[in-house]
Each structure stands twice: as structure tokens, then as C-alpha cells.
Amino acid sequence: MTETLGSTGEFGFIEAATKSLPQGEDVLVGPGDDAAVVAVPDGRMVITTDLLVEGRHFRQDWSSAYDVGRKAAAQNLADIVAMGARPTSIVVGFGGPADLPTAWALELQQGLGDECELLGVSIVGGDTVQSDKIIVSVTAFGSLDGRSPVLRSGARPGDEVAVAGRLGWAEAGFAVLNRGFRSPRTVVEAHRRPAPPYAEGVRAALAGASSMCDVSDGLLADLTHIAVASEVLIDIRSAALTIPEPLQAVASATGADALTFVLTGGEDHALVATFEPADVPDTWTVIGTVAVGNQTHPSGTVTVDGQPYAGPTGHTHFRS
């Protein structure tokens with residue numbers, strides 16, 4: 001007989017999920033009390049949260065519980081490093097039906113733990129609740145270690161725009177899965193489990209990045225956040241964007257435009273930032289420039305090869 005959350009019980013599941021969680025040096029009190037206690041060396045803490053809902057952000061027939069766990073952690077940890085911070089800990093809220101196999105929930109926890117382990121991040125607590133659908137909520141915390149945060153509002157005319165990490169892979173994977181296929185496997189795996197360039201956040205901050213953002217909704221959509229916050233015009237050079245062969249293959253098979261995957265696809269959690277030209281790290285790729293807005297293209301605008309982009313620029317919640 002399959003053990004379910006209903007038969008395991010709330011406290012049985014919590015005990016099973018937390019009994020072997022490693023705790024880093026930032027954690028003073030971990031799971032098991034009313035709340036965790038995490039050290040904040042310079043008195044500031046970077047905080048972010050994201051929610052995954054079954055049927056909206058993942059499907060059990062597309063992704064394993066382990067994949068969902070890795071993805072849930074990655075999208076939060078990427079937001080922390082996009083501020084130029086070092087992730088330290090997360091708390092996890094989990095909701096699931098009573099008949100959900102306990103093994104599925106524990107596999108989810110393993111995925112969360114393994115993604116966190118890449119950065120020495122601790123899972124320090126959370127909550128569980130019964131719900132009709134599976135819901136995973138992660139809140140992540142980070143330390144600036146004495147540095148100033150890298151905000152979206154710091155881009156300046158004359159800066160160059162650069163990216164680190166993959167663009168368009170997860171969107172290509174979604175296109176494949178949505179057609180009922182499972183290959184190319186590389187893009188399907190990218191959709192199931194992102195691979196953010198974690199080390200590049202602090203590297204960009206140390207190099208003097210003037211602004212930075214995690215690419216979760218699409219390159220153009222997230223660059224628009226920077227353009228609006230910084231009150232500048234950003235132009236992207238399409239020729240500077242790499243379009244790998246797997247993306248070209250998916251575009252050819254589905255009748256899509258591979259460049260659209262790169263410009264508007266989200267959930268790869270690449271990083272995009274602006275730098276003075278001499279400050280761009282050699283691990284980043286320059287793809288555009290920052291300028292003063294004008295009558296034709298006002299501040300807060302992102303253009304591609306000098307022209308407005310036709311069509312949606314990325315994902316927007318609550319859009320019908």
C-alpha cells in the first residue's frame with residue numbers, strides 16, 4: 001500500500017523531510033522551533049519569494065517531483081544573486097492533497113536540498129498544509145556581505161548591456177512538451193530544471209554592475225524593468241545574441257522563430273546587467289547599449305536593432 005500524506009500525517013512528513021537537512025554557518029537556529037534564526041553579518045538581509053502552482057507552473061506528467069524542487073529553489077536563489085548577494089537560507093511552504101504519495105513530497109524536498117547545496121544554502125523551516133493542488137512556496141534570504149545591492153534603477157547612458165547564462169532554452173523546452181514530444185532532451189531538461197549562473201551575480205557586483213535583473217519572464221520584459229526603473233532607453237543587437245542549434249531545431253520543427261525564444265522566453269534565470277564598457281566581466285556577453293530616451297523611443301523603452309519589438313515581450317501574470 002502506497003504511503004500518502006494523509007497516512008503519514010503533517011508532523012510525520014515534517015520529521016521525515018527535515019531530519020537530515022544540513023545547516024550552514026549562517027544558521028543559528030534551524031528547523032524544529034517556532035522560527036529559525038539566521039545571522040546577518042552586516043545588518044541587512046536580501047529577501048525574495050516565489051510560488052509554484054500545479055497546472056500553472058509545472059505538470060506532474062512533464063516534471064518529476066525532484067525537478068520541481070530544483071526549479072522552486074533555483075528561481076528564488078537566482079533572484080538573490082541578481083541583487084549581487086550571497087544566498088544563505090530558504091524556508092518552504094508546501095501544500096498537497098491528502099492522497100499525494102509521501103514519496104513524491106520527499107522527492108520534492110530532495111530536489112530543493114540538492115539545488116541549495118550547490119551554494120551552501122540551508123533550508124531552515126517552512127510550513128505544510130492540505131490543498132487541492134500541489135503548491136510550493138519558497139522564500140529565500142541572502143547576505144550582501146558589506147556590498148551595496150545592485151538595483152534595477154542604476155543603469156546609465158553609455159553603459160553596455162550584458163548577459164550571463166542561457167536564454168530561450170526553457171521556452172524551447174516548453175514548446176516541445178506542449179506539442180507532446182520529449183526531444184531535443186537538452187531543451188526539455190532546461191524547462192524542467194533551470195541552471196542559473198549563480199556565481200555571476202557576485203562577480204557582476206564586484207565588477208561594478210550599475211543594474212542587474214534575473215531573466216525570469218523574458219529578456220525584453222526584464223530589461224524593460226531596468227529601462228523603466230533607470231529612466232533610460234535600452235537597445236539590443238540581435239546579432240550579438242547566440243542561438244544554439246537545439247533552439248534552431250525546435251523552431252524549425254514547430255514553425256517558431258528561434259530569436260523569439262531568446263528575446264522573450266523566461267525561466268532560464270539568466271542574469272542581465274549593465275556595466276561601464278571597461279567593467280564587463282569576461283564571463284559575460286555584451287548584447288546592447290544604454291542611451292538617453294528620445295521623442296521616437298522614450299525612456300523606459302527597450303528596442304531591438306533600433307526598432308520596437310513587435311509582439312509580446314515575455315510572460316505576464318493575470319493576462320487573459
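Note: hydrogens, waters and symmetry copies are ignored here, and every other heavy atom, side chains too, is used. Counting from 1, the numbers follow the sequence of the chain as shown.
Of the possible donor and acceptor atoms, none in the side chain of Arg152 sits under 3.5 Å from a partner among the backbone N and O of Thr224.
The environment of Arg182 atom CZ is dense: over 12 non-hydrogen atoms of other residues, nucleotides or ligands sit within 6.0 angstrom. The number of heavy-atom neighbours closer than 6.0 Å to CD of Gln60, taken from other residues, nucleotides and ligands shown, is above 12. Heavy-atom neighbours of Asn294 CG from other residues, nucleotides or ligands within 6.0 Å: above the threshold of 12. The 12-atom threshold is not exceeded at CZ of Phe174, counting heavy atoms of other residues, nucleotides or ligands nearer than 6.0 Å.
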Throw together a table of side-chain donor-acceptor distances under 3.5 angstrom for residues 243-256, partners on residues two or more places apart or in other chains.
unit_1: Gln248; atom_1: NE2; unit_2: Ile243; atom_2: O; d: 2.7
unit_1: Thr254; atom_1: OG1; unit_2: Val250; atom_2: O; d: 2.7

Show me, pair by pair, the donor-acceptor contacts under 3.5 angstrom made by side chains of residues 186-193, not counting sequence neighbours?
unit_1: Glu189; atom_1: OE2; unit_2: Arg192; atom_2: NH1; d: 2.9
unit_1: Arg192; atom_1: NE; unit_2: Trp62; atom_2: O; d: 2.5
unit_1: Arg192; atom_1: NH2; unit_2: Trp62; atom_2: O; d: 3.2
unit_1: Arg193; atom_1: NE; unit_2: Asp67; atom_2: OD1; d: 3.2
unit_1: Arg193; atom_1: NH2; unit_2: Asp67; atom_2: OD1; d: 2.7

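Counting only residues at least two apart or on different chains, the ring-ring contact (aromatic ring centres under 6.0 Å, His included) pairs with a member in residues 272-306 are Phe275-Trp284. Counting only residues at least two apart or on different chains, the salt bridge (Lys or Arg N to Asp or Glu O under 4.0 Å) pairs with a member in residues 265-280 are Lys71-Glu267, Arg156-Glu276. Among pairs with a residue in residues 93-121, those fulfilling salt bridge (Lys or Arg N to Asp or Glu O under 4.0 Å) read Arg70-Glu115, at least two apart in sequence or across chains.
Note on Leu119 and Val150: same hydrophobic cluster, where clusters join Ile, Leu, Val, Met, Phe, Trp and Tyr whose side-chain heavy atoms are under 4.5 Å apart, directly or indirectly. Val121 and Leu144 fall into different hydrophobic clusters, where Ile, Leu, Val, Met, Phe, Trp and Tyr residues are linked whenever their side-chain heavy atoms come under 4.5 Å apart, directly or through other members. Both Val136 and Leu100 belong to a single network of hydrophobic side chains, linked directly or stepwise wherever heavy atoms of I, L, V, M, F, W or Y lie under 4.5 Å apart. Val304 is connected to Ile234 through a chain of hydrophobic side-chain contacts under 4.5 Å among Ile, Leu, Val, Met, Phe, Trp and Tyr, so both are in one cluster. Put simply, Met45 and Ile80 are part of two different groups of oily side chains (I, L, V, M, F, W, Y) that touch within less than 4.5 Å, one to the next.
For the pair Ala240 and Thr285, the tightest heavy-atom approach, listed with the atom from each and the gap, is O-CG2, 4.1 Å. Taking every heavy atom of both residues into account, His269 and Ala78 meet most closely at CB-CB, 3.8 Å. Annotation for Val68 and Ser63: closest pair CG2-CB, 4.1 Å, computed over non-hydrogen atoms. The shortest heavy-atom contact between Asp222 and Ser216 is OD2-N, 3.0 Å. Considering every non-hydrogen atom in both Ser183 and Val176, the closest pair reads O-CG1, 3.2 Å. Here the closest heavy-atom approach between residue Cys116 and residue Ile123 is recorded as SG-CG1, 4.2 Å.
Between the side chains of Ser210 and Asp159, a donor-acceptor pair is found at a separation under 3.5 Å. There is no side-chain donor-acceptor pair under 3.5 Å between Ser230 and Ser153. Side-chain contact of Thr48 with Asn76: a donor-acceptor pair under 3.5 Å is absent, judged by distance alone.
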Under the criterion side-chain hydrogen bond (donor to acceptor under 3.5 Å, both in side chains), I'd like the reasoning laid out for Ser122 against Ser89: C-alpha separation, chi angles, the key distance, then a yes or no. CA-CA 4 Å; Ser122 305; Ser89 56; over 6 Å; no
Take Thr289 and Asp235 through the side-chain hydrogen bond (donor to acceptor under 3.5 Å, both in side chains) test and state the conclusion after the steps. CA-CA 6 Å; Thr289 55; Asp235 184 58; 4.9 Å; no
In sequence, state the C-alpha distance, the side-chain angles, and the governing distance for Arg86 and Asp26, and then conclude on salt bridge (charged side-chain N to carboxylate O under 4.0 Å, His left out). CA-CA 11 Å; Arg86 172 180 59 86; Asp26 296 283; 3.1 Å; yes
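Residues satisfying the side-chain contact (heavy atoms from CB on, under 4.5 Å) criterion with Pro277, sequence neighbours excluded, are Glu160.
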